[in-house]
Amino acid sequence: MDKPHPAASKAAASAIVEKRDGFGTRWGFILACIGSAVGMGNIWRFPILVQKYGGITFILPYLLFVVLIGSTGIIEEFALGRRAEAGPVGAFGFATHDRNGNRSLGEWLGAIPIVGALMLAIGYTVVMSWVFKYCWMGINGDLYALGTEMSAVVGAFGSIAPESASLGEALQTMLNGQIFGVGNGVWLLTGLAVSLVIMSLGVSGGIEKANKIMMPLLFVLFVGLAIYIFTLPGANEGYKFIFTLNPQGLMDPKVWIFAFGQAFFSLSVAGNGSVIYGSYLSKDESIPTSAFNVAVFDTIAAHLAALVIIPAMAVMLGSEINNVNGGPGLMFVYLVSVFNGMPGGRIVGMIFFICVLFAGVTSQINLYEAPVAFLQEKFKFKRRAAVATIGVIGAVVALMIQPWTSQWMDMVSIYLCPLGAFLAGVMFFWVMKKTTAMQAVNQGAKKPIGNWFYPLGKYFYCAAALIALIAGAILGGIG
């Protein structure tokens, strides 16, 4: 029998392409996308905005923007990633190649959301170190032992989240080898290791399975907390904040701009995470249906958080609830004091921070996945090598930026996230051919999406992403 020609053997070998990992089920994909969207903004920002801007007065414009962004931006990013079978770099390159054959320009632009995802993931790593520490304190009783004395609670948070230091002070600390003692170094590495282990198991074997466990548990636990707090005296004052409608308040431009910002950032459109998760979606699945489910469950999670946090604060703080601001201070200071002062406070605090941990881990995984996939796609890294490389970068930088976490997160969320969303929208609606874009959206759907989709995405969504960037820069952040 004749041996095959060497050239033929080489050609046959090069034709063998390793099958790309992906989500095994539609609900696995949806739960992972919900996990990426449900994060700290749902917990420490949405409830305060609802309370501050008049309950339903804020919720109505928020829901409007969720519908508009969910029916354009989420669909577009899922479709862009799935059509290119790649993350932002490959997807943007595909878009420019589809238009004029120039792939390199798109790939260079695609690096922007990759950098944004990595930087946001690094900031999230610091925040998650606080969450892991508080979760453990909730389990062993140390959190409840802080009591309701605000100075004790503030002191506990200050010990793991140091105030901003000067560059010289931070460098001196690092040179002295004390970086692991600054802030929350040990828990930072512990929390990061959890996400990296899950990611190293692959998309279907790790990310999908983890979200199938954590997301349902998060919703069940949040519902349980909401029901329990409903039974407490004084909770009805909190519901008044939530279910108030002030028609005059709808005339306030701040209500609309912050409702828009909350919806935009909560839905996790940034040209990175949704693009890479979309690239793992089966071509048999309906993207519009998946996008609808993600928007609905992310909105439910935000409202569940409001139904837990606002009535809980009303129970313990009464009228002082008006003096509470959002952000880390709400979650790690005010709510600790609130939970510790209510009946069953130890259990309530423990369950709450377990919920926060689930929300944070799933979001952190999504943020790190885009740069991990980039190393796999562009430099042919094996999965675990890519995860380890990005993990080392994340750990080193996160340990270094602990004193400036707030400034770091502001820089990324104000500038890089909306810029990434804008670039993805431009690539899909303005650069890629319309026929290609519509085929990408309709593939796997039982019926074609309506004629409204393309013009709404091209003109409204792209403009909205640009507005998010400009308004955020002017106002110091809107989401």
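Atom set for the values below is all heavy atoms of this structure, side chains included, hydrogens, waters and symmetry mates excluded. The structure displayed is predicted, hence computed values, not measured ones.
- Once rounded to the nearest 0.5 Å, the distance linking CZ of F297 with CD1 of I300 reads 5.0 Å.
- The aromatic rings of F428 and F453 stand perpendicular to each other, their planes meeting at an angle above 60°, with 30° marking the opposite boundary.
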Candidate pair L416 and M411, rule side chain to side chain contact (heavy atoms under 4.5 Å, CB included), full reasoning: CA-CA 7 Å; L416 290 180; M411 176 180 63; 6.0 Å; no
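- F157 has its ring centre less than 6.0 Å from the ring centre of W130.
- Side chains of T125 and Y368: a donor-acceptor N/O pair is present below 3.5 angstrom, by distance only.
- A heavy-atom distance below 4.5 Å is found between the side chains of R45 and Q262.
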Side chain to side chain contact (heavy atoms under 4.5 Å, CB included) assessment of K378 paired with E107: CA-CA 10 Å; K378 195 67 177 175; E107 291 184 345; 2.9 Å; yes
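- Between the OG atom of S274 and the CG atom of N366 there is a distance of 6.5 Å, given to the nearest 0.5 Å.
- Under a cutoff of 6.0 Å and an axis angle of 45°, K434 and Y454 form a cation-pi pair.
- For the side chain to side chain contact (heavy atoms under 4.5 Å, CB included) with V126, the qualifying choice from M409, M400, Q402 is Q402, the only one to do so.
- Between atom OH of residue Y53 and atom CG of residue L250 there is a gap of 13.5 Å, rounded to the nearest 0.5 Å.
- Residues L357 and F132 meet the side-chain proximity criterion, which asks for heavy atoms closer than 4.5 Å.
- Taking all atoms of both residues into account, the shortest heavy-atom contact from L221 to C355 is CB-SG, 3.3 Å.
- Between V387 and F381, the closest side-chain pair of non-hydrogen atoms is not below 4.5 Å.
- For D98 (side chain) and F94 (main-chain N/O), no donor-acceptor pair under 3.5 Å exists by modelled atom type.
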Test log, rule side-chain hydrogen bond (donor to acceptor under 3.5 Å, both in side chains), inputs Q364 and S195: CA-CA 7 Å; Q364 185 180 44; S195 293; 2.7 Å; yes
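- Ring centroid separation for the pair F379 and F374 comes in under the 6.0 Å cut-off.
- Between P328 and V127, the closest side-chain pair of non-hydrogen atoms is not below 4.5 Å.
- The backbone N or O of M199 sits less than 3.5 Å from a side-chain atom of R383, completing a donor-acceptor pair.
- Using a 4.5 Å heavy-atom cutoff, the side chains of H97 and N102 are not in contact.
- For Y62 and F258, the distance between ring centers is not under 6.0 angstrom.
- Under the 6.0 Å distance and 45° angle rule, K458 counts as a cation-pi partner of W430.
- Closest heavy-atom contact between Y277 and S36: CE2-CB, 4.3 Å.
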Derivation of the side chain to side chain contact (heavy atoms under 4.5 Å, CB included) call for V412 and C417: CA-CA 6 Å; V412 179; C417 289; 4.1 Å; yes
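- Proximity of S204 to D21: side-chain heavy atoms (C-beta onward) are separated by under 4.5 Å at one or more points.
- The ring pair (Phe, Tyr, Trp, His ring centres under 6.0 Å) with F339 is formed by just one residue from the set F353, Y334, F352; it is F352.
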CA sep, side-chain torsions, deciding dist, call: E285, R82, salt bridge (Lys or Arg N to Asp or Glu O under 4.0 Å): CA-CA 10 Å; E285 299 296 342; R82 186 173 72 172; over 6 Å; no
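- The distance from the OG atom of S268 to the CD1 atom of I69 is 12.0 Å, given to the nearest 0.5 Å.
- In terms of heavy-atom proximity, A440 sits nearest to R83 at CB-CB, 3.7 Å.
- Among all heavy-atom pairs drawn from T25 and K212, the shortest one is OG1-NZ, 3.2 Å.
- With contacts defined as side-chain heavy-atom distances shorter than 4.5 Å, the pair R99/T96 does not qualify.
- Aromatic rings from F78 and F29 are positioned such that their centres are separated by under 6.0 Å.
- Taken to the nearest 0.5 Å, the CG atom of L80 stands 11.5 Å off from the OG1 atom of T436.
- Using a cut-off of 4.0 Å between Lys/Arg side-chain N and Asp/Glu carboxylate O, R26 and E208 are scored as not salt-bridged.
- The aromatic ring centroids of F264 and F65 lie 6.0 Å or more from each other.
- Annotation: the span from F92 atom CZ to L105 atom CG amounts to 11.0 Å, rounded to 0.5 Å.
- Under the 6.0 Å cut-off for aromatic ring centres, F58 and W256 do not qualify, their centroids lying 6.0 Å or more apart.
- Across A471 and I257, no two heavy atoms sit closer than the pair CB-CD1, 4.0 Å.
- Just one of V194, L196, T190 meets the side chain to side chain contact (heavy atoms under 4.5 Å, CB included) condition when paired with L192; it is L196.
- Counting heavy atoms from C-beta outward, I449 and I75 have side chains that approach closer than 4.5 Å.
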Stepwise side chain to side chain contact (heavy atoms under 4.5 Å, CB included) test for E377 and I276: CA-CA 11 Å; E377 295 167 4; I276 190 60; 3.9 Å; yes
